[in-house]
Amino acid sequence: MAKEIAWNSVDAGYGRTVAVEGITVRLSPGEKLGILGRNGAGKTTILRAMMGDAKVHHGTVEIDGVDVTGMPAYQRNQLGVAVVPQTRDVFRSLTVRENLIVASAERDRTKLAVKLFPRLGERMQNLGADLSGGEQQMLSIARAIMTKPDFLMLDEPLEGLSPTLAQDVMKSVRKMVEETGLGCVLVEQHVATVLDFCDRALVVQRGQMVFSGTTDELRGRPDVLESAIGLSAVSSENE
Ligand SMILES: Nc1ncnc2c1ncn2[C@@H]1O[C@H](COP(=O)(O)OP(=O)(O)OP(=O)(O)O)[C@@H](O)[C@H]1O
Ligand SMILES: [Mg+2]
């Protein structure tokens with residue numbers, strides 16, 4: 001079981017472009033880290049650097065103290081790190097059951113997926129294409145946990161969902177973390193969700209880390225919330 005993932009002074013980007021700079025953070029199983037920032041700030045790039053999908057120009061990414069910066073994505077997955085991409089990772093022409101089995105044939109895991117996401121249990125024979133946005137998101141997360149990761153990184157899982165569905169998804173994610181003890185990275189633009197769910201947070205602004213600390217500390221930093229995320233986002237969520 002992987003016990004830690006770490007970004008050490010990471011500069012990462014695409015081709016010669018550097019999209020994020022100086023990212024340093026580590027995470028243990030059971031911990032919940034939120035990554036906040038506006039569109040284009042570099043949130044997804046931080047996750048991609050861990051998975052090998054963005055070019056690391058400087059620094060290292062580590063799993064259990066092993067430098068995996070040059071390792072292919074599937075090997076990082078075997079070491080216990082999984083990602084639920086922003087685009088939702090669902091096969092539209094396969095049923096819900098098939099989507100789960102393709103990820104792993106282990107029956108216990110299918111049972112866990114259905115326990116965590118009861119809606120999926122009701123739609124096992126439906127095609128991925130016929131699911132609502134929220135259900136596709138649930139399936140995408142369920143697929144990611146089929147491989148028993150120790151760390152799961154969720155990239156804006158609530159994007160485009162109604163408030164009710166978003167609440168349902170977060171309820172299942174919470175249950176998932178409690179039941180499996182995995183470490184969770186939640187990329188979000190909704191500050192309230194991160195403050196509510198995460199122990200720690202990272203705030204990125206134009207590729208730079210402008211805050212790293214506990215969510216309690218972040219609550220006391222309206223300056224960070226205002227400049228990096230926009231206070232209007234915070235106040236509208238609290239209405
Ligand atoms: N495949 C790519 N090739 C080149 N540049 C990219 C690529 N993906 C992202 N970028 C650039 O890198 C920067 C950071 O993008 P990133 O996707 O990490 O932002 P983000 O914080 O996840 O934004 P969003 O909230 O919109 O998803 C942006 O300037 C973006 O245009
Ligand atoms: Mg993104």
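Just so you know, ligand 1 is whichever comes first in the structure, and atom 1 is the first atom listed for that ligand.
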(Q) If the condition is side-chain contact (heavy atoms from CB on, under 4.5 Å), which residues does D155 pass it with, not counting sequence neighbours? (A) T44, L47, Q86, V187
Can you list, pair by pair, the side-chain donor-acceptor contacts under 3.5 Å of residues 63-71, counting residues two or more places apart and other chains?
residue, atom, partner, partner atom, Å
D64, OD1, K3, N, 2.5
D64, OD1, E4, N, 3.0
D64, OD2, K3, N, 3.4
D67, OD1, T69, N, 2.9
D67, OD1, T69, OG1, 2.4
T69, OG1, V61, N, 3.1

Q. Just by modelled atom types, is the H57 backbone N or O under 3.5 Å from a matching donor or acceptor in the D11 side chain?
A. no
**Q.** Residues N8 and T24: side-chain donor-acceptor under 3.5 angstrom
**A.** no
Q.
I'd like to know if M153 and L36 are part of one continuous hydrophobic network [Ile/Leu/Val/Met/Phe/Trp/Tyr, side-chain heavy atoms within less than 4.5 Å].
A. no
Q | salt bridge (charged side-chain N to carboxylate O under 4.0 Å, His left out), paired with E179, selected from K111, K115, R109 | A | K115
**Q.** Charged N-O contact under 4.0 Å between D216 and R200
**A.** no
Q: Verify, without hydrogens or angle tests, whether N77 (side chain) and V81 (backbone) share a donor-acceptor contact under 3.5 angstrom.
A: yes
Q: Identify, chain by chain and in numerical order, each protein residue with a heavy atom under 4.0 Å from an atom of ligand 1.
A: Y14, A19, R38, N39, G40, A41, G42, K43, T44, T45, R48, Q86, E156, Q189
Q) How many protein atoms of type N/O/S are positioned less than 2.8 Å from the Mg ion (ligand 2)? A) 2
Q: Verify, without hydrogens or angle tests, whether N99 (side chain) and T95 (backbone) share a donor-acceptor contact under 3.5 angstrom.
A: yes
